[in-house]
Amino acid sequence: MLEINGLRKIYGDRTVLDIDKLKINKGETVVIVGPNGSGKSTLLKILSGVIAKSEGSFGFDGELYYLPQQSIPFRKSVRKNILFSAKDDTNKEQRCNELLKELQLMHLAEKNAKGLSGGECQRLALGRILINKCDLLLLDEPSSAADIEGTEIIENAIKRYREETGCAILMTTHSPRQALNLADRIIMLREGRIVEEGRPEQLLSAPQTEWGRKFIGMWKID
């Protein structure tokens with residue numbers, strides 16, 4: 001589905017991303033964790049075409065959608081924001097209504113999206129993505145502005161979308177609980193490089209490197 005080889009991003013004399021090899025399979029959810037500045041967002045921006053790579057290559061099959069950390073709503077109603085993103089007119093009204101209910105935005109459907117809270121805006125931004133089918137979904141901190149209830153709504157929508165479409169997902173998070181809830185595999189980045197990767201329960205409970213143990217130790221995993 002997605003294959004990365006020797007992918008690097010260099011700014012002057014600083015290498016912010018340096019990934020030798022990474023492969024993500026169809027239907028797999030891979031969650032990237034790591035401290036600020038570890039290259040998580042940079043990787044997604046390169047894969048989505050927002051910024052250019054410096055070296056290396058990557059390839060994927062099918063269609064890709066990218067959700068950045070901060071998404072700006074259009075100056076229209078919540079409903080029209082979601083409908084505006086639909087690429088296929090077939091059943092788009094029905095799909096929009098389903099998303100409004102699923103993301104608990106139906107009571108705001110006719111409101112101007114510019115008046116939404118941060119968490120509501122993130123749910124709207126996700127809805128604008130999920131109204132279309134894709135093969136690879138890139139999500140950068142999809143619930144960073146959401147409260148506990150909003151985070152659960154977002155996670156459930158992501159799970160359901162993957163079940164319905166069979167797409168692969170590559171996402172970043174600062175939440176260990178979210179990583180456990182969503183990931184088939186976790187990748188730990190440090191200074192742009194993969195330090196560890198593995199199944200969520202194994203990696204979060206027993207990191208293999210000293211740095212990994214220190215990083216996980218700073219997380220509160222309940």
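Atom CD in Glu155 sits 6.5 Å away from atom NZ in Lys159 (nearest 0.5 Å). The line from CD of Glu28 to SG of Cys167 is 12.0 Å long, rounded to the nearest 0.5 Å.
Of the possible polar contacts, one joining the Arg199 side chain to the Asp184 backbone as a donor-acceptor pair under 3.5 Å is found. With hydrogens and angles ignored, the 3.5 Å screen pairs a side-chain donor or acceptor of Glu196 with a backbone N or O of Thr209. In this structure a side-chain-to-backbone donor-acceptor pair under 3.5 Å is present from Asp135 to Glu63. Within the 3.5 Å criterion, the main-chain N or O of Pro35 finds a donor-acceptor partner in the side chain of Lys40. Looking at Arg185, its side chain never comes within 3.5 Å of a backbone N or O of Val31 through a donor-acceptor pair. When atom types are taken as modelled, the side chain of Glu152 and the backbone of Glu149 share no donor-acceptor pair closer than 3.5 angstrom. No donor-acceptor pair under 3.5 Å is formed between the side chain of Lys9 and the backbone N or O of Thr42.
You'll find the side chain of Leu124 reaches within 4.5 Å of the side chain of Leu116, heavy atoms only. For the pair Lys21/Glu3, no side-chain contact is recorded, criterion being any heavy-atom separation below 4.5 Å from C-beta on.
A donor and an acceptor atom, one from each side chain of Arg79 and Asn97, are located under 3.5 Å apart. Side chains of Asn81 and Lys76: a donor-acceptor N/O pair is absent below 3.5 angstrom, by distance only. Gln122 and Ser144 are linked by a side-chain donor-acceptor pair at a separation below 3.5 angstrom, with hydrogens and angles left out of the test. With no hydrogens or angles considered, no side-chain donor-acceptor pair links Thr15 and Arg8 at under 3.5 Å. Between the side chains of Gln178 and Ser143, at least one donor-acceptor pair of N or O atoms lies under 3.5 Å.
Nearest heavy atom pair, residue Leu47 against residue Leu64, reads O-CD1, 3.8 Å. Taking both residues in full, the closest heavy atoms of Leu105 and Glu120 are given as CD2-O, 4.2 Å, listed atom of the first, atom of the second, then distance.
Remark: Arg213 does not engage Glu210 in a salt bridge, criterion side-chain N to carboxylate O under 4.0 Å.
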